[in-house]
Each structure stands twice: as structure tokens, then as C-alpha cells.
Amino acid sequence: MKTTKQSKREAIRLFRLCFVNGLLDESRARQVVQRVIDAKRRGGLALLAHFQRLVKLEVARRTAEVESAVPLPRICTRGSRPV
């Protein structure tokens, strides 16, 4: 069984493979997850848990949340989605 350190290290390595031009590529991340699942390796679930955490942190880092006390004009909200 893999140790937590090994799982984290491997998750980080796989996470870095998912970047294209400095941005996280969703299709590559999906491929990584599918290959880990298909491999049915021991410790795969722990590795995927670490990988998921890294992806969530990256998505949160690249996402902005705008709050306003008054309704914004329609032009300001174009291209955004309500929370």
C-alpha cells in the first residue's frame, strides 16, 4: 500500500501533466482520472482524492467572485453566470 506522501507526490506529478500553456486542460485531467481508474492500482482512490483537491484549488484560484450591494447594469453581467 502506498503511503500518503507517495500518493501526494504522484498526484502532483499527474496534476502537472494536465497543464497546457500554463492553464489546466480539462480533457487531460479527465484522461488522467480515467487512466488511474482503468489501472485499478492499489492506492488509486487516495491518489484521485489528492488529485481532486489540487484541481479544485486550481479552479478556485482562476475564478473570481464579484459581490455588489446594488444590482449591476446588464453590460457588467454579460458573460458571467449567477451564483
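Please read these numbers as outputs of a predicted model, since none were measured by experiment.
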> Side chains of Asp25 and Cys18: closer than 4.5 Å at any heavy-atom pair?
Replying inline: no

>> Around atom CD of Glu26, are there more than 12 heavy atoms from other residues, nucleotides or ligands closer than 6.0 Å?
In response: no

> Roughly how far apart are Arg28 CZ and Leu23 CG, rounded to 0.5 Å?
Replying inline: 12.0 Å

> Which residue, Lys8, Arg13, Gln6, forms the side chain to side chain contact (heavy atoms under 4.5 Å, CB included) with Glu10?
Replying inline: Arg13

Please table the atom pairs, donor to acceptor, closer than 3.5 Å between any side-chain atom in residues 43-57 and protein atoms at least two apart or in another chain.
none

>> Are the side chains of Arg41 and Val36 in contact, using a 4.5 Å heavy-atom criterion?
In response: no

> Looking only at heavy atoms, which two atoms of Phe15 and Leu24 are closest? And how far apart?
Replying inline: CE1-CD1, 4.0 Å

